[in-house]
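Working notes, beginning with the structure itself.
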Amino acid sequence: MMTMDEFAQVLGISVGVLRYLLCFLASIPCSWLWRYMPNATTRHLYAAVTGALLSYFSFGAISNVYFAMLMLVSYVSMLVSRRHCGSITFVLAFALLVTCHVMYMSGDIWKSGGMDSTGAMMVLTLKVTSAAINYQDGLIKDEDSLRSAQKKYRLKDLPSPIAFAGYCLSCGTHLAGPVFEIKDYMDWTEDKGIWSPTAAMPPPSPYKFAIFAVFKGFLYMAIYRYLMIHFAIHKLSEPEYLEWGFWHRAGYQYLCAFTARWKYYIVWSLSEASMTISGFGFSGWTKASPSQEQQPKWTRAQNVDILRVELPKSAVDIPQYWNIHVGIWLRHYVYERLTKKGEKPGFMQLLAAQVTSAVWHGLYAGYMLFFGNTVFMIAGARVLYRWQKLIPENAALAQHLFTLVNGIYTIVVINLSCIAFLVLDYADTMAAYRSVYYIGTSIPILIIILGSVIKLPRTERKLRVKKEE
């Protein structure tokens, strides 16, 4: 019988990653069995216990100690200081996460193909923080001062400790996400809202959608296994790489970034299967046109739209289709909350959201450089969009060409700048950037500068403001 070490060697991964993947796969039947729990209390208890067991088998007992610390920080702050619990949890949970990133040197472990519990801690940090912020929002009396997300997710009552633990560890969904709201979790567990058996259109059977998600996960695994052999990131530091021409170097960096993304596609497809088979991934019904039948949506479980990531129309769209629910979290709890109601968010709000994302990943120079670069990338895409608005609507060919230009800009910038995310080390990042003449950074900055020089015609501005109003 093949040992764990031998099996890992055949797959070309470390034992730690293999153990994590096996537990991640086990989260699918665990989530399926949740459906047969008799009532809300046993569902909460089952979700918490299975999540803790999967954490233990993935990372060891110490992982549950750190997870419990995060959960206690949030729950105690909600008990002791409701008026400030969101702010307290945000600061303390992120401080604990960053401490663990530094202790474990998590980026180095991930870069070398290993696995530790900080990835799951990242997901849990967002969950406990959003729960505390929403409980704090429950004190707000003025409905008009609330944004739509606040109205939807704020908590009037404190969840029980068992319910909170079930939400945090929910059958192992904390291992890789996606992030979800405690109010949705409570409605799902208690058969309320769209999950109510007495709803006009009750939830459909999830099995064919879950099976398809598993199929996608194994397909992406095969694709990644093939690509990683041919486009290894360590090649960027070898003398042979520097002997290549510019287009060869830029093309290889693109393919390294393209290869790395399939690792995330695998994990997110399997997490999609886990959430879908439990029924929690169900997001309601929709139809493309009035004449068509209603179709179920499973967007709560979906964390990436591969085609829109690989063939984007604009850099502005990337956060909507990559790590979707983290993007939503950043928008609701950072981007929007730093914007006064009635005003439009600007560069500083975007910068704050991206810095938060960088710190959430870990205090590595590569993360800071990449997420800092995305601020310029998105700002540059907004300039391109403003220019595109100058093209007459009846000039269809010109509109399509400009969309193509914006798409190419996004593909070039995101792929050549995300090398920092992969190599992490400052010197290695700058060497990779230098080898392609820093075009992942210089192109967005050049466009932003041109955008400040080339102003929109006054009449066009007025028309655009009127349309937006």
Checking [Y] against [X]: is there a side-chain donor and acceptor pair closer than 3.5 Å?
| X | Y | value |
| --- | --- | --- |
| Gln253 | Ser435 | yes |
| Tyr241 | His234 | no |
| Ser130 | His332 | no |
| Thr441 | Asn373 | yes |
| Glu272 | Asn303 | no |
| Asn134 | Tyr333 | yes |
| Trp360 | Tyr367 | no |
| Gln354 | Thr374 | yes |
| Thr42 | Asn39 | yes |
| Ser63 | Tyr56 | no |

(message) Suppose the criterion is salt bridge (Lys or Arg N to Asp or Glu O under 4.0 Å): which pairs have a residue in residues 327-337, not counting sequence neighbours?
(response) Asp137-Arg337
Where [X] and [Y] come nearest, the two heavy atoms and their spacing:
| X | Y | answer |
| --- | --- | --- |
| Ala210 | Ala273 | O-CB, 3.7 Å |
| Tyr135 | Met78 | CE2-O, 3.4 Å |
| Ser77 | Ile88 | CB-CG2, 4.0 Å |
| Val267 | Phe24 | O-CE2, 3.1 Å |
| Ser205 | Trp298 | O-CZ2, 4.3 Å |
| Glu143 | Lys151 | O-CE, 3.1 Å |

(message) Please tell me whether Phe180 and His325 form a close aromatic pair, meaning their ring centres lie under 6.0 Å apart.
(response) no
(request) Examine Phe94 together with Phe90 and report whether their ring centres are nearer than 6.0 Å. (result) yes
(message) Tell me whether the rings of Tyr433 and Tyr438 are parallel (<30°), tilted (30 to 60°) or perpendicular (>60°).
(response) perpendicular
(request) Check the angle between the aromatic planes of Trp285 and Phe282 and answer parallel, tilted or perpendicular using the 30° and 60° thresholds. (result) perpendicular
Got a donor-acceptor contact below 3.5 angstrom from the [X] side chain to the [Y] backbone?
| X | Y | value |
| --- | --- | --- |
| Thr129 | Leu126 | no |
| Thr410 | Ala315 | yes |
| Gln349 | Gly346 | yes |

(request) Using the test ring-ring contact (aromatic ring centres under 6.0 Å, His included), find all partners of Tyr104 that sit at least two apart in sequence or belong to another chain. (result) none
(message) By the definition side chain to side chain contact (heavy atoms under 4.5 Å, CB included), identify the one residue from Thr429, Val423, Asp428 that meets it with Asp425.
(response) Asp428
(request) Run the salt-bridge test on Asp184 and Arg300 with the 4.0 Å N-O cut-off and return the result as yes or no. (result) yes
(request) State whether Glu181 and Lys127 are salt-bridged, where the test is any N-O pair (Lys NZ or Arg NE/NH1/NH2 against Asp/Glu carboxylate O) under 4.0 Å. (result) no
(request) Validate the cation-pi geometry between Lys216 and Tyr265: distance from NZ or CZ to the six-membered ring centre under 6.0 Å, angle to the ring axis within 45°. (result) no
